[in-house]
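Written below as structure tokens is the structure these notes are about.
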Amino acid sequence: MDNAKPGGAFAFLRKENIVAKPGFNRWLVPPASIAIHLCIGSVYAWSVFNPALSRELGVVSAAADDWSLSGIVWIFSVAIVFLGLSAAFAGKWLEEVGPRMVGVVAAFLWGGGFVIGSAGIALHQLWLIYLGYGVLGGCGLGLGYVSPVSTLLRWFPDRRGMATGMAIMGFGGGAMIAAPVKDWLLSVYARAPEYLGADNAVNIITEGGRRFAETATGKAEVVVASASQAASYGGEAGVYVVGTGDTGASATFLTLGIVYFCVMIIAAFLYRVPPAVWKPEGWQPKEQTRSMVTSEHVDIDQALKTPQFWQMWLMLCLNVTAGIGVLAVAKTMMTDVFGTTMPTIVTAAFASTYVLMISVFNMCGRFFWASTSDYIGRKNTYHCFFVLGTLLYLSIPFFASAGAGSPNVIYLAGFYLATMIIFSMYGGGFSTIPAYLADMFGTMHVGGIHGRILTAWSAAGVLGPLAITSLRDMSVGRAISDLAGRVDPETFAQKFGAPMDQLDQLVAAKTVTVARLMEIAPEGTIDPTPSLYNTTMYAMAGLLVIAFFANLLLRPVNARHHYREAAQPAE
């Protein structure tokens, strides 16, 4: 990976050539790291793309060949997997070549990943989006994420928690900027499909679960959009031809890729590293009185042989699993839970603002909790995450069910506040872990150790979305079966153009949904949509209970693992 030796073509990127000169202001370094993290942190606004990508062909409504939500969410998961893997493998490389080299490579991978993803959308090839955004973009995420951490820990030895909070704060805030920008770009590039007329004015036939209509050029596949679905594209309720519109996703990907590349390249060239013997003016290291803060160092390879590393790996994995699955479907979840019971409040704009506020709390939580840990200690900070987080996850099903039974803004406010606090602690877990690692293993190889522990993020990137989408799909299947059993068969056939015994085909083709079944369900039938995520929330609370005990049992690293000059590594 490192083919740029001193004197080579890329020598100007290496750390020995970016050492700060005497008098350099250390506060010039955090803005560069925040800029890069703001770019890569836009991954947290992935759910903004869910509606557009899940109806790329139908545009106003999902068509039979459109990608499923679960298939789209996995793109986010793949990106997180490769974030962790690239961070782990690049840990030693980062310590050798420095943050500027790593930042430049991250810019090429993240920006280029968007460009390849744009081609995948335009060609309707899902694998290209996985390759571009998921694999290459994910590697860019990992390299961009770790590039400033060890550097800022060395620039701010007097405030480790605050330093890591600054280093990682931008990643949590990336979606704060990206969510509205993505929404705006999608609206700019979007184009409504061909409109054939009102539902009752067009002769529609159903074949194999799909809907077709006769047009001037022959039989064409169509979708039937409701007034609210069509309004997003300036149209009206009725029948639209599949494949004749554009959600704007492809052009949005291309635009973002170019912008992110430019910003990240500029920021990477602002990185500087302190001289080897540098320390803040007037600062003297204090003798540590906390048993969980060491003055020793542990080699990167030796750290993996300690139980403390794996306890912290488990803590990070479970904390991230509990939050990342919800992040991946945040906009969809808000619409599902409260969109049917409070449609005048929970609009598409409201759901987008919800994603924006998640980013705000994610970002602020990274700085707040990391800085707080300087005073109350890292272990107590993680106790807060797991105890309070468990209680909040358990409260979400209550607010969802209560809001469904009795629509009241108080339940919406409770749900909103609970999730915001959860995401502040989710972000806080990321920003506090580097300082926790420095306390436990010393600062000698903290960048590399941090990179390796981020493989926990990779595992969580699979487990979180898998859990929430699988459990949601199971809940949707049960809800559709239950509603279909309540609906009059003749009414069903008239509504969907096919008999009840073709239910599976109709569901697979996205012709039958919970929302459309509710339109013909008997009066008094309770909409099951708000409760689709209840089981998932209980499972997430259980994960945090396990993480609590892993943190509770954490002890200082045994002295036999400490680094000693000319000493043989402990077995």
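Note that the coordinates shown come from a computational prediction; the quantities given were computed from them, not determined experimentally. As a basis for the values below, the full set of heavy atoms in this structure was taken, side chains included, without hydrogen atoms, waters or symmetry mates.
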Look only at the side chain of [X] and the backbone of [Y], and say whether a donor-acceptor pair between them is shorter than 3.5 Å.
X      : Y      : result
Ser424 : Gly365 : no
Asn319 : Met315 : no
Ser68  : Gly71  : yes
Ser470 : Ala467 : no
Lys15  : Pro99  : no
Asn17  : Ala11  : yes
Lys182 : Ser42  : yes
Gln308 : Arg555 : yes
Ser431 : Gly428 : yes
His450 : Ala435 : no

If you take all heavy atoms of [X] and [Y], which pair is closest and at what distance?
X      : Y      : answer
Pro275 : Ala20  : CG-O, 3.9 Å
Ala87  : Leu454 : CB-CD1, 3.8 Å
Leu270 : Ala32  : CB-CB, 3.8 Å
Asn534 : Ser401 : ND2-OG, 3.3 Å
Arg366 : Gly427 : CG-O, 3.1 Å
Ala547 : Leu318 : N-CD1, 3.7 Å

Set of residues satisfying ring pair (Phe, Tyr, Trp, His ring centres under 6.0 Å) with respect to [X], sequence neighbours excluded:
X      : result
Tyr382 : Phe385, Phe386, Tyr436
Phe24  : Trp155
Tyr130 : none

Tell me whether the centres of the aromatic rings in Trp110 and Tyr145 are closer together than 6.0 Å.
-> no
So, Trp457 versus Phe82, ring centres under 6.0 angstrom or not?
-> no
Does some side-chain heavy atom of [Y] sit less than 4.5 Å from a side-chain heavy atom of [X]?
X      : Y      : value
His561 : Asp299 : no
Ser47  : Asn50  : yes
Leu394 : Met537 : no
Thr306 : Asn558 : no
Ile36  : Phe171 : no
Arg26  : Pro280 : yes
Met357 : Met420 : yes
Leu152 : Pro30  : yes

Where do Arg272 and Leu28 land on the side-chain contact (heavy atoms from CB on, under 4.5 Å) test, with the steps shown first?
-> CA-CA 9 Å; Arg272 296 290 187 278; Leu28 297 176; over 6 Å; no
Between Tyr271 and Ser147, does any side-chain donor sit less than 3.5 Å from a side-chain acceptor?
-> yes
Check: Tyr533/Ser475 side-chain N/O donor and acceptor closer than 3.5 Å | no
With side-chain contact (heavy atoms from CB on, under 4.5 Å) as the test, would you mind laying out the steps for Tyr354 and Thr419 before giving the verdict?
-> CA-CA 10 Å; Tyr354 177 68; Thr419 52; 3.0 Å; yes
Could you walk me through whether Tyr416 and Phe399 pass side-chain contact (heavy atoms from CB on, under 4.5 Å), step by step?
-> CA-CA 9 Å; Tyr416 204 107; Phe399 291 125; over 6 Å; no
State the [atom1]-[atom2] distance between [X] and [Y], to the nearest 0.5 angstrom.
X      : Y      : atom1 : atom2 : answer
Asp336 : Leu532 : CG    : CG    : 6.0 Å
Leu543 : Tyr538 : CG    : OH    : 15.0 Å
Ile72  : Ser54  : CD1   : OG    : 4.5 Å
Met264 : His37  : CE    : NE2   : 8.5 Å
Leu126 : Leu131 : CG    : CG    : 11.5 Å
Thr390 : Ile546 : OG1   : CD1   : 10.0 Å

Parallel, tilted or perpendicular, as decided by the 30° and 60° cut-offs, for the rings of Trp310 and Trp313 | tilted
Determine, stepwise, if the pair Arg452 / Asp301 fulfils salt bridge (Lys or Arg N to Asp or Glu O under 4.0 Å).
-> CA-CA 10 Å; Arg452 292 191 176 183; Asp301 295 320; 3.1 Å; yes
For Met176 and Tyr44, run side-chain contact (heavy atoms from CB on, under 4.5 Å): C-alpha distance rounded to whole Å, both residues' side-chain angles, the deciding distance at 0.1 Å, then the answer.
-> CA-CA 9 Å; Met176 181 176 65; Tyr44 277 144; over 6 Å; no
In this structure, which one of Phe49, Phe108, Phe253, Phe261 forms a ring-ring contact (aromatic ring centres under 6.0 Å, His included) with Phe114?
-> Phe253
Only one of Trp46, Trp127, Tyr260, Phe76 clears ring-ring contact (aromatic ring centres under 6.0 Å, His included) with Tyr133; which?
-> Trp46
Heavy-atom count around Phe269 CZ within 6.0 Å, excluding the residue itself: above 12?
-> yes
Out of Gln311, Arg378, His383, which one pairs with Asn551 under the side chain to side chain donor-acceptor pair (under 3.5 Å) rule?
-> His383
